[in-house]
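In what follows, a single structure is set out as structure tokens and then discussed.
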Amino acid sequence: MSTLPGPAPVAVRHLAAPPMNSTMRTRFAPAPSGDLHVGNVRTALFSWALARRHGGTFLLRVEDTDRSRVSDEAFNAALDVLGWMSIDWDEGPGVGGPYAPYRQSERLPYYAEAAAKLRASGAAYSCYCTPSELAERREQARAANRPPGYDGRCRSLTADERAAFEAEGRTSVLRFWMPDGTTTWNDLVRGEITIDHANVPDFAITRSDGHPLYLLAAAVDDVAMGLTHIVRGEDLVTATPRQLALYTALGQPQERWPAFAHLPLIIGADNQPLSKRNGEVSIAWYRRAGFLSEGLGNYLALLGWSPGGDREFFGRELLLSEFDVSRVSKNPARFDLKKLDAVNGDWIRSLSESELAERIAPVLADAGLKVDADQLAAVVPLVQIRMNRLTEAAELLHFLFVDEAAFAIEEAAATKGLGEGSGAVLRAAQERLSAVQDWSAAALEPVIWGIGEDLGLNRKRTATPLRVALTGRMMSPPLFESMELLGRERTLTRIARAIGTAG
RNA sequence: GUCCCCAUCGUCUAGCGGUCCAGGACAUCGCCCUUUCAAGGCGACGGCACGGGUUCGAAUCCCGUUGGGGGCACCA
């Protein structure tokens, strides 16, 4: 008699999709609780591309309702990463918009209103189960091979029972009563999906402190902000029947429900979700590691999507003109650092020398190498075809810009490159180089090869001692260009030093 | 365990019933070029998970098996 009736069974069918045109509204909704991950940014990229492709609106909403996990640093870092990736938003933090604010922590009244409405209508109930009780029952269920989800214990508490719990000092969460029935929707990437609510347990929509939880906040905002297409990870497919149930309980007309597109997850080499254990996940890491945002974006776009045919090297223009969410793959994509390196290398090679110089400058500065603009311009052609990541420029050019006092020949290089016969090459070079008038690569080359000819050495045996003497390594940028850049004085100084250890 | 989803070279993928004894890229391995390393060129290796159907015809459609991923939180 005092038990709540509970919601009537439903058969939700959400098959119609809003048109893909300039009325489209998509969003990226990160929780700023750490660095943005590879998966987050790919989701952002696809969602952005979907809106941009059709001339729609892309918005950024920050899901920072869990105060214990989010931080301003992470928030700022997220905006920074999106900016670096050239993912811009029409509405959201920094730019505002008709549905401001766009940080959920500033929208709490909306969620409180929705929660109150759900409680009043009986769609949600107070649940007094404690976290430890829930965990215990979950374990029991698991052990008995039953589904571990919430068992509905507090669904029909009487007023007396509630009073007793409260007298006990228990707090409660607001839990949504999932109606019996099924939900079917037409997923933009996966097609029609039907889920039986028997597999969708009741779920908490507020914490015991009254704070809204993700399912509630996202459901409220997605409709309130007029979103038409939700692009998110596959981990959220079972959130869909819950959110549609929430829309219904909140009285949102079905014409306003967004369509959903669930992207396949990005996994590591071990088939497990990409994580710190099986790869790097932080976009900030890739940025620091010397990847171009163009290269990373290109690679990420390839993870689960393809423009078709043999096209693999492409930039934003192609995404803007051809991105098609229905072409997104349904199975998980393995993240492959080697391929990223290759794509990034292609991008580095596609840059003009001046563009590359601009990208390299900060990398060299970070490595403590002092280089002026002229030196940098001279050096770019030497490294452009030799690197896949910007940071490799610092290694390649170290010998050129390091303080003379700090220059040293690597031990392995000295052993291999300054062995038998190298002394003769170096002494001859010392002598003939002193007489060279025109200190240019073109003029230096015949002088050095002449030494080899006179000594009866092939080019490799001629060049190697000099390479090691001048660069300290067995591998380096081309020898004569390096000599030119190094200059006569430093070249002769290093040769003289190497003669001391040469065989 | 259960529900949902998925299944083409080692990896990312093209393919949407005949044009595929399956194409590209990365990786690997050769060769060429070459002062090292690269880049570049050429080539090799390598796959439709398995079993049933449907069809004149299947990588493409259906069913099953196997395998993989995801969900079942007071995280999002």
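Excluded from the calculations below are hydrogen atoms, water molecules and symmetry mates; all remaining heavy atoms, backbone and side chain alike, are included. Order of the sequence lines sets the chain letters (A, B, ...), proteins ahead of strands, with each chain counted from 1.
- When only modelled atom types and interatomic distance are considered, His14(A) and Thr184(A) share no side-chain donor-acceptor pair under 3.5 Å.
- Residue Arg190(A) places no side-chain N or O under 4.0 Å from the OP1 or OP2 atom of A7(B).
- Closest approach to the Asp336(A) side chain among G68(B), U11(B), C3(B) is made by U11(B) (side chain taken as heavy atoms from C-beta onward).
- The existence of a salt bridge linking Arg334(A) and Asp270(A) is excluded, since no basic side-chain nitrogen approaches an acidic carboxylate oxygen closer than 4.0 Å.
- For Arg69(A), the side-chain atoms get nearest to C75(B) when compared with the rest of C4(B), C75(B), G69(B).
- The six-membered or imidazole ring of Tyr150(A) lies away from that of Phe203(A), with a centre-to-centre distance of 6.0 Å or more.
- Straight-line distance from the CZ atom of Arg311(A) to the C1' atom of C12(B): 16 Å, rounded to whole Å.
- For Phe480(A) and U34(B), the CZ to C1' distance is 12 Å, given to the nearest whole Å.
- Applying the 3.5 Å distance criterion, the base of A25(B) shares a donor-acceptor pair with the side chain of Lys339(A).
- Taking atom P in both A38(B) and C6(B), one finds a spacing of 43 Å when rounded to whole Å.
- If you check G15(B), U8(B), C12(B) against the side chain of Leu302(A), the one that comes closest is C12(B).
- Salt bridge Glu322(A)/Arg311(A): present, at least one basic N to carboxylate O contact under 4.0 Å.
- Heavy atoms of Arg175(A) sit under 4.0 angstrom from primed sugar atoms or phosphate atoms, though from no base atom.
- Candidate nucleotides A76(B), U36(B), U13(B) were compared by shortest atom distance to the side chain of Met475(A), and U36(B) ranks first.
- When the C1' atom is compared between G10(B) and G68(B), the two are found 16 Å apart, to the nearest whole Å.
- The Ala333(A) side chain lies nearest to U13(B) when the options are U13(B), A25(B), C72(B).
- If Trp305(A) and Ser476(A) are placed on RNA chain B by their nearest nucleotide, the residue sitting closer to the 5' end is Trp305(A).
- Pairing partner, G1(B): C72(B), with both Watson-Crick or wobble hydrogen-bond distances short of 3.5 Å.
- Under the 4.5 Å side-chain criterion, counting only non-hydrogen atoms from C-beta, Leu213(A) is not in contact with Tyr111(A).
- Here, C16(B) and G41(B) have their C1' atoms 35 Å apart, quoted to the whole Å.
- As rounded to the nearest Å, G18(B) and U60(B) have P atoms that lie 12 Å from one another.
- The partner of C50(B), taking Watson-Crick or G-U wobble pairs whose two distances both stay under 3.5 Å, is G64(B).
- Counting distance only, with no hydrogens placed and no angle test, the side-chain atoms of Thr238(A) and the base atoms of C72(B) include no donor-acceptor pair under 3.5 Å.
- One N or O donor and one acceptor, one from the side chain of Arg386(A) and one from the base of C37(B), sit under 3.5 Å apart.
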